[in-house]
Structure formats: C-alpha cells, structure tokens
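Each remark here refers to the structure printed beneath this line.
Treat the numbers as computed from the prediction; the structure is a model and nothing was measured. Protein chains get the first letters and strands the later ones, always in sequence-line order, with residue 1 at the start of each.
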Amino acid sequence: MRPHEYHSPMSKYPFQQIEQTWQKYWEENRIFKTVEDPAVPKEKRRYVLDMFPYPSGSGLHVGHPEGYTATDIYCRFLRMKGYNVLHPMGFDSFGLPAENYAIATGTHPGVTTAKNIDIFRKQIKSLGFSYDWDREISTHTPEYYHWTQWIFLQLYKKGLAYESDTPINWCPDCLTGLANEEVNDGKCDRCGTQVKKKNIRQWILKITEYADRLLEDLDELEWTDAIKAMQRNWIGRSEGADVVFSIEHSEESITVYTTRPDTLFGSTYMVLAPEHHLVREIVTEEHRDAVEQYLQQAQQKSDLERTDLAKEKTGVFTGAHAVNPVNGKSIPIWVADYVLISYGSGAIMAVPGHDQRDWEFAKTFNLPIVEVVEGGNLEEEAYIGDGLHVNSGFLDGLSTEDAVESMNDWLESKNLGKRAVNYKLRDWVFSRQRYWGEPIPLVHCDACGIVPVPEEELPLMLPEVESYTPSGTGESPLAKIDHWVNTSCPECGGHAKRETNTMPQWAGSCWYYLRYLDPDNAMEFASQEHIDYWMPVDLYVGGAEHAVLHLLYARFWHKVLYDLGKVNSKEPFLKLINQGMITSFAYQRKDKSLVPTDEVTESEPGVFIETATDEELEQVVAKMSKSLKNVINPDEIISSYGADSMRMYEMFMGPLQVSKPWSTKGLVGVFRFLDRVWRLSQRELTDEQPPEPLVRLLHRTIKKVSLGTEHLEFNTAISQMMIFVNELFKEEKLYRELWDPFVLLLSPYAPHLGEELHQRLGHEHSLAYAPWPSWDEELTREEETEVVFQVNGKVRAKAMMSAEADQESMKQAALEHQRIRQWIEGKVVVKIIAIPQRLVNIVVK
RNA sequence: GCGAGAGUGGUGAAAUUGGCAGACACGCUAGACUUAGGAUCUAGUGCCUUACGGCGUAAGGGUUCAAGUCCCUUCUCUCGCACCA
C-alpha cells in the first residue's frame with residue numbers, strides 16, 4: 001500500500017477520496033472474504049445476518065442502512081476481537097413490482113430485476129459495509145431457486161403440501177390468492193385492494209402441523225418479548241374441549257370446540273357458521289327460505305364487512321334442535337355469521353350467560369340466558385370471570401378451574417367429548433397465479449395423479465412468456481404456454497400437465513440464510529460441513545414488519561429441514577433485533593392535516609408556519625412519504641457528507657430498536673465530529689507519555705465503546721468517543737499512545753476514516769483484523785470522585801473525595817462541611833446514609 | 001375490546017438499574033477569528049427568581065433517608081390482533 005497525500009483545505013476532511021480509496025482497497029484485496037477455517041473454535045465463530053432487501057425500483061432508502069450499519073459495526077468489532085465472522089448480503093428478487101412493471105411495459109421482470117440489483121449493490125457498497133460479496137445470492141436465479149424447489153418437494157413428500165379448493169383470500173388487483181397473514185383489515189397487504197373470498201385451486205402448506213413447536217421453541221430464543229408476543233398471538237393456542245351434540249330427528253351430530261366446557265349447563269342454543277356443511281341438511285322446510293337468504297347475504301359480505309357489522313348480531317333459526325348432552329335439554333340451532341367457519345369446528349355451543357357475544361345474540365333474538373357461574377349481573381352483560389357454579393348439577397359449588405376439569409373428565413368418560421387444543425394459525429396458501437416466482441415442480445398426470453418433478457431435473461426453469469398478464473381464468477401466465485404446460489409424466493411417461501402456479505415471494509426468503517453458507521454448491525442447498533460450521537444465525541437484524549410473516553415461515557421451513565436431518569438446530573435465528581423505523585419531521589395544522597415540508601417556514605426558532613397562510617403549525621413525527629416531501633435520499637447524504645457520517649449519524653440518533661426522526665442538522669453534528677477527528681490527526685504526532693488524566697479517559701473510553709458495541713448500544717459509545725476527542729482537542733500535541741487505540745475504536749463506526757488514520761500512523765496493513773484495544777480496569781476507576789452532600793434528600797454541597805473513602809469518613813466530611821452545618825444547625829440528626837463514591841444524605845428533624 | 005411498548009429541555013436523546021435528572025449532539029445567545037465556510041474557536045443555555053432559594057422526568061397518589069427508575073389509579077401516543085367460541 002502506498003501512502004498518499006490529499007490536497008484539500010485545512011478543514012473539510014476529504015471524505016470522498018478517503019472513502020473511494022478504501023472501498024477499492026477492501027474490494028480488490030478481498031479483505032472481508034470469509035473462509036470456514038476449522039482451526040477457529042466454534043465459540044469464536046459468529047453468523048451475523050441482515051434481512052436482505054427486495055431490490056425495488058426506487059433504490060435504497062435511509063431505513064436500509066440503519067440495520068446494515070448496526071450489523072457492520074458489530075461484525076467489524078467481532079473481527080478485531082478475533083472472531084471468524086460470516087456476514088453476507090443478497091437480494092430477495094422475486095416479487096410483484098417487477099412483474100407489474102412488465103405487464104405495463106413489456107420489459108422482462110428479469111431485466112428490471114437485474115438492473116435494480118446493480119443499483120442496490122452499488123448503493124450498499126457505497127456505505128462501506130464489510131460483506132463477503134463472494135457469497136452474494138439472488139433468489140430469482142435458477143441456481144438459487146433450484147433449491148427452493150427442492151425444499152418444496154421435501155415438504156410435498158412429507159405430506160405437508162396439499163391442494164385445496166376451499167375459499168381463500170383473493171386479491172382482485174394482484175389477481176392472486178393470499179395467505180391470512182397477507183391480509184390486513186380485509187385488504188391486500190401489498191396493494192391495499194379489498195380482498196374477496198374466492199374458490200380457486202391452491203397449494204397449501206400445513207404450517208398448522210408445526211403450530212405447537214413454533215410456539216414452544218420461542219421460549220429458547222433471544223427475541224424481544226414484543227415479537228414473541230406477536231408470534232404467540234398469531235399462533236393463538238387455546239385449550240378446551242370438543243363436545244358432541246346430537247341433533248334431534250337426525251343421524252348427524254355437531255361437534256363444537258369450547259374453552260369453557262364448565263358452562264355447558266348454561267348452553268341454551270347452538271350456532272353454526274353460514275358455511276357449515278350441516279346447515280342445509282338440518283334446516284326444516286319451514287325455515288329453508290329464510291336460511292337460504294341469510295346464507296346468500298353472508299356469502300356476499302367480505303370478511304371486513306362481516307367484522308365491521310360486529311356491533312349488530314345477525315342470524316337466523318334453522319328450525320332444528322340439538323340435545324345438550326349434559327342435561328338432555330332440547331336447544332335450538334341457529335345460523336349466524338359471528339361464528340367463523342375457519343376457527344374451531346365452525347360451530348359453537350352458545351352460553352349467553354358467560355360469553356358476551358352469545359349474550360348480545362341472545363338479547364337480540366330473545367333466547368334464554370341461564371346463569372351457571374355466580375358473580376355477575378346477567379341483566380347487564382355476560383359474566384366471564386371466575387366464580388362458584390350454580391344450576392350445573394354435578395359442578396355446583398366448584399370454581400371454574402375445577403369445574404373445567406370435572407366436566408372434561410365427565411365428557412371423556414361418557415364419550416361425549418374430549419380435551420382439545422385449537423389454534424388461530426391457519427395453513428399457508430402457498431401458490432400464486434403469477435409469472436415472476438418459482439415454478440412449483442409438480443406435474444398432473446392423467447393416470448398417476450400428482451407427480452413430483454424428479455430432483456435431478458431441477459431446477460424447473462421459469463419459461464419465457466409473451467404476455468405477463470394473468471389469464472382471464474385466474475390462472476398464471478404460465479398456463480398459456482402450451483409447450484411448457486404439456487409434458488410427460490415422470491412416472492408412467494404418459495401425458496401430463498405441469499403445475500402452473502408459482503410460489504409466493506416468501507419462499508425464497510424462507511431459507512436464504514442457508515444458501516449464504518455455501519452459495520455455489522451445485523449438489524445440495526448447502527453442505528453439512530458448512531451448516532455445522534456456522535449455524536444457527538447468532539444475530540439477525542431487520543424491520544419489525546416481518547415479525548409474523550417472514551419469521552414464522554422461515555422458522556417453519558427450518559423445522560422441516562431439521563426433521564429431515566438437513567440442519568443442526570431447531571431454530572434458525574438465535575437472537576433477533578428489530579431496528580426502529582427512521583421517520584421524519586412533518587408539520588401539522590390545527591385540524592391535524594399535514595403540510596408538505598417545502599410549504600413550511602420556520603419563522604423563529606422552534607416556530608413553524610405554513611408559508612401560504614401564516615398558520616402556525618405543530619412539528620410532529622411522521623413516516624417519510626413522497627407526498628410530504630420529507631424523504632431523505634442516502635445517495636445525496638453520502639455525496640455531501642460521506643458514508644462515514646451517514647453511518648455514524650444513524651447510530652447516534654438513538655437506540656437501534658426505537659423509531660426516530662431524521663434530522664439533517666443532527667447529521668451535521670456527526671460530520672463536524674469526524675472533521676474534528678481529521679483535523680486532530682494533522683497535528684504533530686508525539687511519542688511522549690500523555691498526561692495521566694487523558695490516559696484514564698482513554699481507558700474509560702475503550703471500556704465504554706467496547707461494551708456499547710458489544711451490546712449494540714452505539715449511541716452512547718459514540719458520545720463517549722466525542723467526549724474523548726473534545727478532551728484531546730484541548731492538547732497541543734497528538735499523543736500516539738492515545739491516538740493509535742482511538743483510531744481502532746472509531747474504525748467500526750467510520751471504517752474509511754479509520755483505515756486512513758491507521759495508515760497515517762504508519763501501519764502497513766488494514767485495521768480490519770487489528771486487535772481491538774483492551775482497557776485496564778484499574779485506570780477506568782476515578783481516584784477522586786465528586787461526592788454530593790444532601791440534607792433531607794436535597795443537594796446542599798459537593799466535595800471531591802478519594803474514591804477509597806469509607807462511609808465513616810464520608811459522614812464525617814459531610815458533617816464538617818460549612819454549608820451543611822448551616823443547614824443542620826439547631827436540628828436533630830436522625831440518620832446519615834453514605835454511599836461510597838456517590839453521596840451522603842443527612843436526615844434531620 | 002385484547003395483547004405489546006412508550007411518554008424526560010426548543011429538538012434527537014443520556015442516566016452505571018433506587019443515589020447529583022438532562023451526558024453527548026442539534027438549535028439558540030454572546031464574544032473571538034478568518035483564506036466568508038455547510039466554517040472554526042471560547043463561554044452560556046431545563047423553568048421561575050436580582051439573590052438566598054424554589055420547582056421540574058404525561059397527571060394524581062403511595063413506598064423509601066432517597067423515585068425518571070418500584071407499587072396503585074388515570075390520561076395520551078405507537079405497534080400488533082380483532083366476533084378465535
């Protein structure tokens with residue numbers, strides 16, 4: 001490496017040259033290439049993963065670098081601590097936007113995607129992240145989706161994939177089916193269009209078979225309680241009992257699921273969901289018309305409408321009756337859409353006394369309400385709480401917990417029911433009627449039925465099409481390519497048709513962390529050696545928007561692979577951190593409407609007015625949006641202030657996990673700090689022994705930065721570096737003994753400047769693997785500390801005292817202090833508390 | 001409604017987990033300096049008060065010698081779920 005000189009003004013450090021130089025150096029010398037060195041023991045290996053981006057046409061936004069910077073700092077720190085670190089990056093490159101663009105313009109999604117990936121890669125590289133780019137992957141390449149298809153076949157062969165015609169969430173705009181998780185407020189997660197119910201043949205994955213394990217194994221993960229709670233919520237496990245009710249004048253029976261079998265004596269009617277298969281069978285002639293009409297109405301309503309109308313309970317009597325198994329009473333069977341076909345058995349025993357929904361329904365339709373648990377006022381509302389059972393035969397006098405047990409035993413002994421567990425989690429609609437996704441490697445044979453494409457024929461390539469528009473029948477564009485669709489059966493050789501559905505975008509991201517381990521392997525998705533070397537992921541950082549979808553799906557696939565003996569851990573991601581969103585300031589009128597940033601003037605500090613009307617506005621925090629004109633473009637920030645400032649500012653803003661508003665003024669503060677570091681570096685370097693207070697400060701700084709970096713508390717680590725630099729700046733000279741370690745501390749945060757300063761100190765090699773400075777605990781302790789003297793908890797004086805001072809001498813010093821004596825004069829000292837190195841509190845009366 | 005989390009200066013935020021509230025940074029004020037820059041340097045900056053001092057971490061109450069931190073009540077905001085039987 002050759003030393004070089006920059007010709008630049010005294011201030012303004014030449015970040016552009018520095019950043020270019022070192023990015024080139026890292027790339028050309030493959031500084032961050034990672035190899036599986038068996039000599040490195042397991043405990044000295046770390047796999048640090050970022051959620052890979054979808055390469056959208058709008059490029060990187062300021063949110064991306066936040067998590068990426070955090071992991072980069074952490075990885076650089078770990079390398080300097082002697083760890084072998086795997087830190088890869090890639091692209092989640094199948095997805096709807098490129099396909100919609102193709103429909104609009106005719107441009108092949110592969111072309112758009114490749115272009116966007118190039119832009120993303122360039123932007124990511126411009127931030128100086130230490131990824132091992134030799135491991136880059138993109139999910140849309142055949143080399144990658146070969147193994148996505150292979151994993152799908154394993155799921156299929158394990159019986160975890162099935163075809164179904166049951167009604168699914170259909171997005172009329174995306175022209176595709178959606179999983180429950182992809183529907184928000186009855187609207188498509190992607191495009192916001194109202195989702196409809198539609199029957200279309202779909203491939204479904206049996207994620208529910210793993211519900212219990214997905215729930216239980218959360219316990220051993222180092223994830224935040226919030227994310228764990230969301231996943232638990234989504235899985236929604238509940239314990240109860242299935243109870244069988246016989247139907248009068250019928251061979252059929254109705255099974256219901258209840259979490260409150262103890263209230264069975266209070267069940268005065270039953271309700272079936274409109275979609276329940278027995279509705280049309282049991283309805284009496286007299287009620288058939290009314291019921292049919294109700295079913296029609298229910299079918300036309302979307303889920304959103306059905307839940308929107310939650311306040312008013314609707315329903316209709318079928319004319320049929322069931323027998324309450326516990327007391328033999330005849331109870332009417334109703335149909336109502338407040339009962340969901342997708343939960344439990346799609347039928348309930350209604351206990352209006354102790355379930356608010358049933359209570360409201362009973363009030364609406366004048367059905368009897370019977371109290372079976374004491375404690376509430378059933379005239380007012382249902383009583384959900386615990387209490388002694390009444391009107392309940394053998395349960396009378398028992399509390400809820402005992403009554404549940406007792407009833408369950410009774411039901412099981414009479415063969416009328418059994419203990420049961422239910423989940424809110426539904427199976428995963430896995431097929432999409434779209435082009436730009438992995439083809440599902442199955443064929444439909446006239447003779448053999450569904451036959452998997454032989455593994456040795458994978459990847460099943462995505463064919464070229466003339467039109468990207470989904471076919472009118474709701475099938476994918478692939479259905480229109482006869483020569484691709486028509487094939488021969490791998491088993492019998494007879495005529496067969498290919499599956500034309502493709503996989504959802506989640507498929508590729510379900511296992512990408514495994515492909516990084518061995519990205520060029522043509523024989524298997526990753527070799528066992530590499531999996532054993534690195535897995536599981538030690539730290540996974542990404543946005544909280546994937547709290548349910550991606551993380552649940554990836555965990556599911558991982559568990560399947562674990563059961564197949566293909567991976568070595570039950571869970572893929574040990575520790576998960578969700579970075580907060582980077583928001584922006586926005587300005588709000590009194591009526592709460594927002595004003596675009598370019599229409600706002602700051603009339604005086606902290607006072608904002610709408611330029612056109614002079615109306616005073618309130619500064620609020622909002623998401624960045626094009627309409628508010630408060631979107632920050634990272635490219636512009638990097639070209640004006642440099643990548644090091646960008647990185648460091650995003651870490652300085654506040655804790656990684658919380659959302660925080662962008663302020664370019666705040667960024668300038670960090671830029672000034674780096675500029676100051678640069679100017680400091682140009683002072684005369686001396687090998688003289690630095691003053692002791694500065695040595696002590698250095699050691700405190702090393703400690704603070706080391707611990708802060710290790711715990712991802714970057715903001716306070718940075719302030720400590722600022723404190724250190726502010727002190728150094730007061731000195732005439734630059735002490736090598738202080739400067740050399742400081743440059744190392746700074747380098748994970750501002751790696752370009754770090755390398756530059758390291759080189760200028762005369763070091764020949766990159767500091768990427770230079771040993772991280774250590775601190776002397778003795779030197780981090782203050783010899784003298786300021787001790788506060790309080791009287792009745794109020795600070796009245798302060799004094800410097802030896803850190804060694806014991807409680808007795810502290811008390812003595814406080815009592816002798818002149819100002820304290822004034823405060824306690826004429827009063828009775830009741831008690832004195834002394835906390836070494838902190839305070840003395842004298843309690844007087 | 002249920003679940004999770006959060007409320008600290010004009011702003012972003014600190015606070016060794018019960019021990020000086022506001023570190024660090026932005027902004028602002030005053031001054032210095034200059035090769036007029038996105039400068040830089042020095043000092044000041046929670047609120048009230050001439051001062052002594054008083055008040056202050058969403059609001060109210062409590063525990064404690066001592067509370068931003070622990071407990072109770074209330075309010076507000078953010079996120080997730082939403083008739084889940």
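- Using a 4.0 Å heavy-atom distance criterion, Thr224(A) is classed as making no nucleic acid contact.
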Next on the checklist: I need a per-nucleotide contact map over nucleotides 55-70 of chain B, read 5' to 3'. Cutoff is protein heavy atoms under 4.0 Å; write B for the base, S for backbone only, - otherwise.
Outcome noted: S---------BS----

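- Residue-level contact check: Thr258(A) touches the backbone only, with heavy atoms under 4.0 Å from sugar-phosphate atoms and none from bases.
- Side-chain contact between Met653(A) and Tyr649(A): present, with at least one pair of heavy atoms (C-beta onward) separated by less than 4.5 Å.
- Not a single donor-acceptor pair, N or O on each side, falls under 3.5 Å between the base of C81(B) and the side chain of Lys424(A).
- Side-chain N/O atoms of Asn715(A) include one lying less than 4.0 angstrom from OP1 or OP2 on A14(B).
- Contact annotation: Arg796(A) does not reach the phosphate of C52(B) (side-chain N/O to OP1 or OP2, under 4.0 Å).
- In this structure, OG1 on Thr583(A) lies 7.0 Å from CE on Met624(A), to the nearest 0.5 angstrom.
- In this structure, the side chains of Phe673(A) and Met721(A) come closer than 4.5 Å at one or more pairs of heavy atoms.
- With contacts defined as side-chain heavy-atom distances shorter than 4.5 Å, the pair Trp662(A)/Leu667(A) qualifies.
- Residue contacts shown for Gln720(A) are absent, as no nucleic acid heavy atom lies under 4.0 Å away.
- Counting non-hydrogen atoms under 4.0 angstrom, Arg232(A) reaches nothing in the nucleic acid.
- Comparing atom distances between the Asp337(A) side chain and each of C83(B), A25(B), G12(B) picks out C83(B) as nearest.
- Between Asn233(A) and A82(B) there is no side-chain N or O to OP1 or OP2 distance below 4.0 Å.
- For the OP1/OP2 pair of U40(B) and a distance below 4.0 Å, the side-chain nitrogens and oxygens of Arg676(A) include no atom meeting the criterion.
- Ranking G12(B), A85(B), A14(B) by closeness to the Tyr257(A) side chain, first place goes to A85(B).
- In Gln356(A), the CD atom is crowded: over 12 heavy atoms of neighbouring residues, nucleotides or ligands sit closer than 6.0 Å.
- Residue Tyr338(A) has its side chain nearest to C83(B) when only C83(B), A4(B), A13(B) are considered.
- Counting non-hydrogen atoms under 4.0 angstrom, Phe652(A) reaches a base of the nucleic acid.
- C77(B) is paired with G5(B) under the Watson-Crick or G-U wobble criterion, all donor-acceptor distances under 3.5 Å.
- If you check every strand for non-hydrogen atoms under 4.0 Å, Lys798(A) touches a base.
- An OP1 or OP2 oxygen of C26(B) is reached within less than 4.0 angstrom by a side-chain nitrogen or oxygen of Arg672(A).
- At a threshold of 4.5 Å between non-hydrogen side-chain atoms, the residues Gln682(A) and Leu734(A) do not count as touching.
- Ser681(A) and Tyr13(A) share no side-chain donor-acceptor pair at under 3.5 Å.
- Closest approach to the Arg838(A) side chain among U16(B), G54(B), A15(B) is made by U16(B) (side chain taken as heavy atoms from C-beta onward).
- Arg426(A) comes within 4.0 angstrom of no nucleic acid atom, judged by non-hydrogen atoms across all strands.
- Between His550(A) and His546(A), the ring planes lie perpendicular to each other; the angle is over 60°, past the 30° to 60° tilted range.
- Comparing atom distances between the Trp234(A) side chain and each of C81(B), G53(B), C26(B) picks out C81(B) as nearest.
- When each of G12(B), G3(B), A85(B) is scored by its nearest atom to the side-chain atoms of Ala229(A), the top-ranked nucleotide is G3(B).
- Base orientation of G68(B): anti, since the glycosidic angle falls outside 90° of 0.
- Base orientation of U17(B): syn, since the glycosidic angle falls within 90° of 0.
- Counting any heavy atom pair closer than 4.0 Å across all strands shown, Val256(A) reaches no nucleic acid atom.
- Atom CZ in Phe714(A) sits roughly 20 Å away from atom C1' in A23(B) (whole-Å rounding).
- Residue contacts for Asn422(A): at a heavy-atom cut-off of 4.0 Å it reaches no nucleic acid atom on any strand shown.
- Put simply, Arg679(A) has a side-chain N or O that comes within less than 4.0 Å of OP1 or OP2 on C41(B).
- Taking side-chain N and O atoms only, Tyr343(A) has a distance below 4.0 Å to OP1 or OP2 of A85(B).
- At the heavy-atom level, Phe361(A) lies nowhere under 4.0 Å from the strands shown.
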